[in-house]
Amino acid sequence: MAATTVTSILLALFGTALVGFAVRNLFGNWEPIVKRTPEQLREAEVQRAIRRLRAEIDRFERGG
């Protein structure tokens with residue numbers, strides 16, 4: 001095989017892979033996926049607990 005034949009085959013494979021990747025991205029899932037680290041999960045849990053505590057304090061102060 002000549003060098004131009006090998007180059008043409010590689011170029012065609014690369015182009016096919018590139019088009020396949022573009023089609024997969026075009027028709028793929030458009031919703032972002034949030035991947036949280038364990039530290040972020042713990043921080044979110046702490047924030048929820050703080051909000052619950054503040055709500056309970058407000059409810060207690062309004063009731064008493």
Side-chain angles (χ1 to χ4, degrees):
M1 284 201 296
T4 55
T5 304
V6 173
T7 305
S8 297
I9 291 171
L10 290 176
L11 186 59
L13 289 174
F14 178 74
T16 303
L18 191 63
V19 168
F21 184 70
V23 167
R24 180 177 139 290
N25 285 335
L26 182 63
F27 295 113
N29 188 2
W30 285 85
E31 294 296 321
I33 298 172
V34 177
K35 295 182 181 179
R36 293 194 169 111
T37 63
E39 293 83 21
Q40 289 173 327
L41 292 173
R42 277 187 248 122
E43 180 65 26
E45 184 179 334
V46 168
Q47 292 300 323
R48 281 192 299 273
I50 290 172
R51 282 194 300 270
R52 282 195 310 265
L53 181 61
R54 287 181 179 159
E56 286 297 318
I57 290 171
D58 288 342
R59 189 177 60 79
F60 176 77
E61 288 176 347
R62 277 187 263 120

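Small disclaimer: the values here were computed from a predicted structure and weren't measured. Because only heavy atoms are used, hydrogens play no part in the values below, and waters and symmetry mates are left out as well, while side chains stay in.
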Atom pairs and distances, side-chain donor-acceptor, residues 37-44, under 3.5 Å, sequence neighbours left out:
from	atom 1	to	atom 2	distance (Å)
Thr37	OG1	Glu39	OE1	3.4
Thr37	OG1	Gln40	N	3.3
Gln40	OE1	Thr37	N	2.9
Glu43	OE2	Gln47	NE2	2.9

Practice prompt. Please collect all salt bridge (Lys or Arg N to Asp or Glu O under 4.0 Å) contacts where either partner lies in residues 47-57, sequence neighbours excluded, each pair once.
Written response: Glu56-Arg59
N/O donor to acceptor pairs below 3.5 angstrom from side-chain atoms of residues 7-14, sequence neighbours left out:
from	atom 1	to	atom 2	distance (Å)
Thr7	OG1	Ala3	O	2.7
Ser8	OG	Thr4	O	2.8

Discussion item. Between Leu26 and Val19, is there shared hydrophobic-cluster membership here, with clusters defined by ILVMFWY side-chain heavy atoms closer than 4.5 Å?
Written reply: yes
